[in-house]
Amino acid sequence: MRIAYVITHPEVIIDPATPVTRWRLSEVGVRRIQAFAASAEMRGLDAIWSSEETKAIEAADILAQAHGLSASRRADLGENDRTGTGFLPPQEFERVADAFFAHPESGIRGWERAVDAQARMVGAVEAILAGFEGDRLAIVAHGAVGTLLFCHLAGAPIDRAADQPHQGCYWAFDIDRRAVLHGWRPIAPR
């Protein structure tokens with residue numbers, strides 16, 4: 001069976017003065033992705049792709065180095081565009097994220113609509129798969145778009161109930177059947 005793993009970057013250094021797309025992995029995040037890179041589940045990767053956001057690049061590069069690969073990048077694997085609000089304090093962010101998932105066809109506070117982010121993510125993954133001839137693929141992206149892809153492949157409506165429990169999780173799908181194999185799991189203990 002050919003398997004794709006959709007992986008979210010682990011913990012980051014939150015810096016309100018830095019654009020979110022340029023946040024870096026924290027020490028905890030680096031340790032967790034290193035442990036995941038060394039896990040049995042990641043053995044035999046044939047290709048690694050990531051978004052162009054710093055935290056995803058760093059996580060993908062750690063995976064790639066552990067497996068003697070080079071990670072490729074695609075801008076359209078990026079997180080939902082939240083430049084309409086920029087950084088939000090955690091509680092406010094959670095409220096807006098809830099609304100983003102609850103009203104997928106609305107632009108909540110200037111954020112990219114969930115239906116548009118889902119179409120972009122699905123298109124990016126389909127483009128990667130069209131050129132992928134291996135058996136095991138890792139896609140390092142972000143929580144919201146990873147969830148939107150999950151909902152699409154599961155044949156389910158967009159719903160935050162399908163969201164990852166925290167940063168640094170993954171789920172897998174059968175590439176040939178485009179069928180979800182399992183839901184979110186942590187990449188390593190927190």
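Basis for what follows: all heavy atoms, side chains included, without hydrogens, waters or symmetry-related copies.
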- Message: Can you list everything that forms a ring pair (Phe, Tyr, Trp, His ring centres under 6.0 Å) with Tyr170? Sequence neighbours excluded, please.
- Response: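 For Tyr170 the ring pair (Phe, Tyr, Trp, His ring centres under 6.0 Å) partners, ignoring immediate neighbours, are Phe36, His182.
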- Do you know the tightest heavy-atom contact between Val140 and Ala56?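 Where Val140 meets Ala56 most closely, the heavy atoms are CG1-O, 3.7 Å.
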- Query: Do side-chain atoms of Gln118 reach the backbone of Ile158 as a donor and acceptor pair under 3.5 angstrom?
  - Reply: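 No, Gln118 side chain to Ile158 backbone: no donor-acceptor pair under 3.5 Å.
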Using the side chain to side chain donor-acceptor pair (under 3.5 Å) criterion, which residues pair with [X]? Sequence neighbours excluded.
{"X": "Asp98", "result": "Arg160"}
{"X": "Glu112", "result": "Arg120"}
{"X": "Asp116", "result": "Arg113"}

- Note: Arg109-Glu92 ion pair, threshold 4.0 Å (strictly below):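 Salt bridge between Arg109 and Glu92, a charged N being under 4.0 Å from a carboxylate O: yes.
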Do any side-chain atoms of residues 141-157 form donor-acceptor pairs under 3.5 angstrom with protein atoms, and if so which ones, sequence neighbours left out?
from, atom 1, to, atom 2, distance (Å)
His142, NE2, Ser51, OG, 2.7
Thr147, OG1, Gly143, O, 2.8
Thr147, OG1, Asp163, OD1, 2.9

- Query: Do you see a donor-acceptor pair shorter than 3.5 Å between the side chains of Arg24 and Thr54?
  - Reply: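 Arg24 vs Thr54: no donor-acceptor pair found between side chains.
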- Message: I need the Cys169 SG to Ile7 CD1 distance, nearest 0.5 Å.
- Response: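 Those atoms lie 11.0 Å apart.
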- Ile139 side, atom CD1; Tyr5 side, atom OH - distance, nearest 0.5 Å: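 Between Ile139 CD1 and Tyr5 OH, I get 12.0 Å after rounding to 0.5 Å.
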- Message: Using 30° and 60° as the class boundaries, would you call the ring planes of Phe93 and Trp111 parallel, tilted or perpendicular?
- Response: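 Rings of Phe93 and Trp111: tilted, 30 to 60°.
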- Show your working on side chain to side chain donor-acceptor pair (under 3.5 Å) between Trp23 and Thr18 and close with a plain yes or no. CA-CA 7 Å; Trp23 285 359; Thr18 301; 5.1 Å; no
- Hydrophobic cluster partners of Ile13 (side-chain heavy atoms under 4.5 Å):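 Noted: Ile13 shares its cluster with no other residue.
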- Got a sec: does the CD of Glu126 have more than 12 other heavy atoms crowding it under 6.0 Å?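 More than 12 within 6.0 Å, yes.
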- Apply the side-chain hydrogen bond (donor to acceptor under 3.5 Å, both in side chains) test between Arg2 and each candidate in Asp174, Asp135, Asp176; give the one that qualifies.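 That would be Asp176; it is the only one of Asp174, Asp135, Asp176 passing the side-chain hydrogen bond (donor to acceptor under 3.5 Å, both in side chains) with Arg2.
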